[in-house]
Enquirer: 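Submitted below is the structure of interest, expressed as structure tokens.
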Amino acid sequence: MADALTEHPITLPEKPALEGLEAKWGPVWEREGTYRFTPGRPRHEVFSIDTPPPTVSGSLHVGHVFSYTHTDVVARFQRMRGKSVFYPMGWDDNGLPTERRVQNFYGVRCDPSLPYDPSFQPPDKPGKAPISVSRPNFIELCERLTVEDEKAFEALWRHLGLSVDWSLTYATIGKRAQRVSQAAFLRLLRKGHAYQLEAPTLWDVDFRSAVAQAELEDREQPGAYHRLRFGKGDGSFVEIDTTRPELLPACVALVAHPDDARYQPLFDTVVMTPLFGVPVPVKAHPLADPEKGSGIAMICTFGDLTDVIWWRELALPVRAVIQTNGALKPVTFGSEAWPSHDAARAQGAYDQLANLSVTKARTKIVELLRESGDLIGEPRPITHPVKFYEKGDRPLEIVTSRQWFIRTMEFREALLARNRELEWHPEYMAHRLENWVNGLSGDWCVSRQRFFGVPFPVWYPIDQDGHIDYAHPLLPEEAQLPLDPSSDLPAGYGAEQRGQPGGFAGDPDVMDTWATSSLTPQLAAGWPDDPALFAQVFPMDVRPQAHDIIRTWLFTTVLRAELEHGSLPWTNAAISGWVLDPDRKKMSKSKGNVVTPMGLLEEHGSDGVRYWAASGRPGTDTAFDPAQMKVGRRLSIKLLNASRFALLQAEPRGPISEPLDRGMLTQLSRLVADATESLDAYDYARVLERTESFFWGFCDDYLEMVKARRYGDFGPEGAASANSAMLVALEALLRLFAPYLPFVTEEVWSWWRPGSVHRASWPTPAEVVAPIGGEDAGAVAVFKDAQTALADIRRIKAMEKRAVKSVIERAELPKTLEGLTPAARDFQAATHIRALTFGDVEAPRLIFAEEPVKAGESPA
RNA sequence: GGGCGGUUAGCUCAGUUGGUAGAGCUCCGGCUUUACACGCCGGCUGUCACAGGUUCGAGUCCUGUACCGCCCACCA
């Protein structure tokens, strides 16, 4: 048959091997532009990926290899289906990890009040005292350092075989990222979706910055209930439990449940705080839990988020004592804010607390309360969850400060509707976002009191008295972006007016890192400067990411796309699990169980490691398992050798007439149909499993049974049928495996097919059965019976410890296997059966040609 | 407290619309077989977490329970 497969010459290596394939093919792919995105194609011919940008100041670990492989499999599949794949790589160099690394590496500190110094060069080695540099200089240093990190990352990704288009890279710092972040922010501001407010805010006292709800985590901390008594004025007392006695001076009310009969008589009466003699009202509120403590609680400004709710809903005054550094600020009793029945005593007590940290103040006040007799009994130790900033070391406080917010609360319904529109893989992950949106308690606080990050592109006028007029911000034109209000000037002002009465002041804050990360689709897709590219790739097809950052990255990206574009940012969210160590714990550095990815790739081969990764099902945490990598490596080697066998003697060729050949191809076409459907649904693990399973059957049963015929034992027509079928199967199998094992499949492809397998078209069921004129279900039945009988014969030979090639003079098989008759010749050749009959027997009855191997055992 | 996922062989996991329990690894035994000893063939191993229910029939569907894990929560 003069088919297309013979047009290309076949060149086979003597001894094929996996070693060196990464080094061989990586440069070829780069040179040939195999993975290059083609601009200009219409949206429906594009598959675009919102690649997660790894944090470059960190290090890549096996978890990255795991999840990025999943994305790459999908990318390769879509490319083979004919899509132009937009597969960029981002570098996340924004945020605290980079800030710290740059500080330490160069020995510098950022001082946003300094002007930009274009000639600044950092010292070769960091000095003892940190050098202060301007924010623009600091960002330059960051970009310089991360370039080195990015090179190492890229080398690893290339070695792993990610089919990223390396001409499409972006960063989350630098001018472009700032321009996008600032432009998006200004648009929100002009639409009224961003606003500024002075309000109680979650505050990290070490970072001295506000943090957002999404950045919180609970940690179990030791604490203690302290029972305090408040005087009712008639000589009797009411007792409350608190874990934060140091906030007693910040107490503004007591609260109990409206239905709590014990405290109903006290509602709207006034009681006196111990030590300080501050009169506070007793209030009723449904959030008070009668079961907790004594059933009545003190409200402080602010001990926790419940205090904020009570304070707001009960319209209570503010008596803040925690400063931004976490110490208690000095206050004056007898003042308007701190009335007291005994101001001198109150001040005497408080002066011992002022300027102490929270923990020291707690110890001190317990001492004072014990002396005064207001502490009832001793503190009862408990363990309770306390809110922390996820990167912080001390519990969060709540501090009143001016912050920027992006509206989220009023868009909750819209976001829930978008969530229903989004296709999640696996589907159940949608609950995570739904729960998070339903649980939102406030708008998104996006400002951070850090130096490094994207500045808010905003200035404020300063009036003649030197007061900053926050209500009338000075905004730039979008064309001016990016800018830094600490060095750039608002229109109509001169540099000498900075900070002067009648002049202006730049907004000192920077944006939350998620304010930039939430724009990765826009950042990668050229928004707002390249509308053609943007239209070609946005909304993107898929966001791949892990499940732990659904509430942060995924949520904020959906929010930003809704607010800016009124659409989803992508149509699919593919969620990958974590890599767990064999003890089922998350792999982590601190546990010392992290393996370097490059070492793994070198030991098991990239294809071997990818095999392990791709066997982890979407959303499912997967055990780190080198044994699976060895299996993947073995599969790759098998692919080399089986391909070599198929190609070793590819002539003669001709019509595929033999039932085993036709049955095998029919099964393969069904596999192709299933694989295509599953990959469309992101179920890459299933496809690998099915394809692998077929392939082993192909090698162990099909190839073994057609071997003799293929070598010409039954004439040229039989050989031609086998050869042609094998090549059709091989060509399809290589393409099915290509997304998973890109190196070995490319190697084999290069022996006999032109171009790259990764640019070849994805196989279709019709194409596989075309040479046999469509599916041949009858041949499948023949193949299956032959396989069953083959296993039976092999079992008997193994049990009797006979050689595989030992000859069987006569065999009688159960009638249930009679279906193999059309392939009897192949079957008998593979099993070395001379005469074959079928009868009413349960199991095969075999008469071997020679005497049994074991002495004393009679022939069957 | 709310939500989600899981529980199948010693280990890691498949099991598509209900129809006689599977794979790989491990372990054991065998085989120099003209693609592969980086190989091949075979064997052992299960009250499908538990209790009910629906059904001719349940690993699969329904209800409940237990345990593991994750996410969330206003945690005095």
Side-chain angles (χ1 to χ4, degrees), chain A residues 12 15-19 216 218 220-221 223 225-226 240-244 247 254-256 285 287-289 292-300 303-310 382-387 426 428-436 438-439 441 547-548 550-551 577-578 580 582 584-586 612 615-617 619-623 625 627-628 630-631 633-649 674 677-678 683 685-686 689-690 692-693 696 699-700 703-704 707 711 790-791 793-806 830 832 853:
Chain A
L12 293 181
K15 179 82 180 168
L18 298 178
E19 281 68 29
L216 308 186
D218 284 354
E220 286 292 331
Q221 293 287 307
Y225 278 127
H226 303 72
I240 62 103
D241 276 320
T242 180
T243 56
R244 306 271 324 250
L247 292 179
L254 300 188
V255 65
H285 194 280
L287 274 182
D289 183 353
K292 222 167 264 179
S294 60
I296 185 165
M298 70 172 183
I299 302 174
C300 305
D304 60 29
L305 290 171
T306 320
D307 281 340
V308 179
I309 296 171
W310 280 328
I382 53 159
T383 303
H384 62 153
V386 176
K387 287 203 184 306
Y428 62 80
M429 285 294 177
H431 296 292
R432 299 278 184 100
L433 185 60
E434 190 184 336
N435 284 348
W436 176 252
N438 281 326
S441 61
H547 53 62
D548 56 333
I550 288 174
R551 67 173 178 169
W578 278 335
L580 306 177
R584 307 259 78 192
K585 299 285 192 295
K586 190 187 176 190
W612 159 76
S615 62
R617 298 187 124 66
T620 306
D621 295 345
T622 300
D625 190 357
Q628 281 302 106
K630 291 191 171 76
V631 172
R633 182 180 168 78
R634 199 176 315 170
L635 171 65
S636 303
I637 292 170
K638 192 76 174 175
L639 205 47
L640 286 176
N641 287 312
S643 303
R644 182 166 180 275
F645 170 74
L647 297 170
L648 208 49
Q649 188 179 313
D674 182 76
E677 191 180 326
S678 299
D683 198 351
R686 173 192 172 95
E689 187 188 28
R690 299 293 162 102
E692 183 191 12
S693 168
W696 285 112
C699 291
D700 298 342
L703 289 183
E704 290 303 327
K707 202 176 258 182
Y711 280 125
L790 178 64
I793 303 300
R794 283 171 170 167
R795 187 178 309 112
I796 292 168
K797 286 189 175 176
M799 298 286 258
E800 295 191 12
K801 300 190 194 305
R802 289 175 186 274
V804 173
K805 66 172 185 180
S806 59
H832 303 95
V853 178

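Chain naming here is simple, since letters A, B, ... match the order of the sequence lines and numbering starts at 1 in each.
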Enquirer: Please measure how far the C1' atom in B/G59 lies from the corresponding atom in B/A21, and state the result in whole Å.
Expert: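 B/G59 and B/A21 have their C1' atoms separated by 8 Å.
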Enquirer: For A/Trp612, answer base if it contacts any base atom (sugar-phosphate contacts may also be present), sugar-phosphate if it contacts only those atoms, and nothing otherwise; contact means non-hydrogen atoms under 4.0 Å.
Expert: nothing
Enquirer: How many Å lie between NZ on A/Lys630 and C1' on B/C11, as a whole number?
Expert: 15 Å
Enquirer: Grab the two heavy atoms, one from A/Leu305 and one from A/Lys387, that are nearest each other, plus how far apart they are.
Expert: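 Answer, listing the atom of A/Leu305 first, then A/Lys387: CD1-CE, 3.9 Å.
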Enquirer: Give the rounded distance in Å between these two atoms: CG of A/Leu640 and P of B/C36.
Expert: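 Interatomic distance, CG of A/Leu640 to P of B/C36: 13 Å.
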Enquirer: Check the interface with nucleotides 2-9 of chain B: list each N/O to N/O pair with the protein under 3.5 Å, or write none.
Expert:
residue : atom : partner  : partner atom : Å
B/G3    : O2'  : A/Asn435 : ND2          : 3.1

Enquirer: Are A/Glu704 and A/Lys707 within salt-bridge range, i.e. N to O under 4.0 Å?
Expert: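 Salt bridge between A/Glu704 and A/Lys707, a charged N being under 4.0 Å from a carboxylate O: yes.
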Enquirer: Honestly, is A/Lys292 close enough over A/Tyr225, meaning NZ or CZ under 6.0 Å from the six-membered ring centre and within 45° of the axis?
Expert: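 Pair A/Lys292/A/Tyr225 does not count as cation-pi.
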Enquirer: Between atom NZ in A/Lys292 and atom P in B/G1, what is the gap in whole Å?
Expert: 12 Å
Enquirer: Which atom pair, heavy atoms only, marks the closest approach of A/Arg644 to A/Pro16?
Expert: CD-CD, 3.6 Å
Enquirer: Between B/G46 and B/C70, how far apart are the C1' atoms? Round to whole Å, please.
Expert: 28 Å
Enquirer: Applying salt bridge (charged side-chain N to carboxylate O under 4.0 Å, His left out), name anything that partners A/Asp289, two or more places apart in sequence or on another chain.
Expert: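 By the salt bridge (charged side-chain N to carboxylate O under 4.0 Å, His left out) rule, A/Asp289 matches no residue at all.
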Enquirer: Rounding to a whole Å, what distance do you find between A/Asp625:CG and B/C13:C1'?
Expert: 10 Å
Enquirer: Got a donor-acceptor pair under 3.5 Å from the side chain of A/Lys797 to the base of B/C41?
Expert: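 No.
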Enquirer: A/Ala685 near the nucleic acid: base, sugar-phosphate alone, or nothing, with a heavy-atom cut-off under 4.0 Å?
Expert: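 Since no nucleic acid heavy atom lies under 4.0 Å of A/Ala685, the category is nothing.
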Enquirer: Using the C1' atom as the point on both nucleotides, what is the distance between B/C56 and B/U16, in whole Å?
Expert: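 Their C1' atoms lie roughly 24 Å apart.
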Enquirer: Any protein N or O atoms within reach of nucleotides 22-29 of chain B? Criterion: under 3.5 Å, listing atom names and distances.
Expert:
residue : atom : partner  : partner atom : Å
B/C25   : OP1  : A/Arg634 : NH1          : 3.2
B/G29   : O2'  : A/Lys801 : NZ           : 2.8

Enquirer: Taking B/A58 as the reference, what is the distance to B/U8 when you measure between their C1' atoms (whole Å, please)?
Expert: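 That atom pair is separated by 14 Å.
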Enquirer: Using a strict threshold of under 4.0 Å (side-chain N to carboxylate O), is an ion pair present between A/Arg244 and A/Asp304?
Expert: no
Enquirer: Given B/C31, B/U33, B/C74, identify the nucleotide with an atom nearest to the side chain of A/Glu704.
Expert: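 In terms of side-chain proximity for A/Glu704, the closest of B/C31, B/U33, B/C74 is B/U33.
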Enquirer: Give me the distance, rounded to whole Å, that separates B/G24 from B/G39 when you measure between the P atoms they each carry.
Expert: 14 Å
Enquirer: Give me the distance, rounded to whole Å, that separates B/G22 from B/U45 when you measure between the P atoms they each carry.
Expert: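 Their P atoms lie roughly 13 Å apart.
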Enquirer: From NZ of A/Lys638 over to C1' of B/C36, roughly how many Å is that when rounded to an integer?
Expert: 6 Å
Enquirer: Any heavy-atom pair between the side chains of A/Lys638 and A/Arg633 that's under 4.5 Å?
Expert: no
Enquirer: Considering only B/G42, B/U33, B/A37, which nucleotide approaches the side chain of A/Arg794 most closely?
Expert: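 The closest nucleotide is B/G42.
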Enquirer: What integer number of Å spans the P atoms of B/C50 and B/U60?
Expert: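 Nearest-Å result for B/C50 against B/U60 at atom P: 11 Å.
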Enquirer: Which heavy atom of A/Asp621 sits nearest to which heavy atom of A/Leu580, and what is that distance?
Expert: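 Scanning both residues, the minimum pair turns out to be CB-CD1, 3.6 Å.
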Enquirer: Please answer whether the main-chain N or O of A/Gly439 pairs with a side-chain N or O of A/Ser441 as donor and acceptor at a distance below 3.5 Å.
Expert: no
Enquirer: Nearest to the side chain of A/Asp218, heavy atoms from C-beta on, is which of B/C74, B/A73, B/G39?
Expert: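 The listed nucleotide nearest to A/Asp218's side chain is B/A73.
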Enquirer: Please report the distance, rounded to the nearest Å, between CZ in A/Phe645 and P in B/C40.
Expert: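 Rounded to the whole Å, the gap is 14 Å.
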Enquirer: Indicate whether OP1 or OP2 belonging to B/C74 is found under 4.0 Å from a side-chain N or O atom of A/Lys387.
Expert: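 For B/C74, OP1/OP2 do have a side-chain N/O of A/Lys387 under 4.0 Å.
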Enquirer: Consider the side chain of A/Ala623, meaning its heavy atoms from C-beta on, and name the nucleotide among B/C36, B/C13, B/C72 that approaches it most closely.
Expert: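 It is B/C13.
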Enquirer: Take N1-N3 plus N6-O4 or O6-N4 for Watson-Crick, N1-O2 plus O6-N3 for G-U, both under 3.5 Å. Which runs of 3 or more such pairs involve RNA chain B?
Expert: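 Paired runs of 3+ in RNA chain B: B:1-7 with B:66-72, B:10-13 with B:22-25, B:27-31 with B:39-43, B:49-53 with B:61-65.
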Enquirer: Residues in ring pair (Phe, Tyr, Trp, His ring centres under 6.0 Å) with A/His547, at least two apart?
Expert: A/Trp578
Enquirer: Judged by atom type as modelled, is there a donor-acceptor pair below 3.5 Å linking the side chain of A/His226 to the main-chain atoms of A/Thr242?
Expert: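 Confirmed, A/His226 side chain pairs with A/Thr242 backbone.
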Enquirer: Across the strands shown, which category fits A/Cys300 at heavy-atom distances under 4.0 angstrom: base, sugar-phosphate, nothing?
Expert: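 Result for A/Cys300 = nothing.
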Enquirer: Please report the distance, rounded to the nearest Å, between CG in A/Leu580 and C1' in B/C13.
Expert: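 It works out to 14 Å between those atoms.
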Enquirer: So, for A/Ser615 and A/Gln628, which heavy atoms are closest and what is the spacing to 0.1 Å?
Expert: OG-NE2, 4.3 Å
Enquirer: For the side chain of A/Asp700, counting heavy atoms from C-beta on, which of B/C40, B/C72, B/U33 is nearest?
Expert: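 Of all the options, the side chain of A/Asp700 is nearest to B/C40.
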Enquirer: Over all heavy atoms of both residues, which pair between A/Leu247 and A/Cys300 is shortest? Give the atoms and the distance, please.
Expert: O-SG, 3.4 Å
Enquirer: On a whole-Å scale, what distance lies between the C1' atoms belonging to B/C67 and B/A23?
Expert: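 Roughly 27 Å separates the two C1' atoms.
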Enquirer: For nucleotides 16-20 of chain B, give me every protein contact, N/O to N/O, under 3.5 Å, one pair per line with atom names.
Expert:
residue : atom : partner  : partner atom : Å
B/U16   : O2   : A/Arg686 : NH2          : 3.0

Enquirer: Quickly work out the A/Leu790 CG to B/U33 C1' distance and round it to whole Å.
Expert: 13 Å
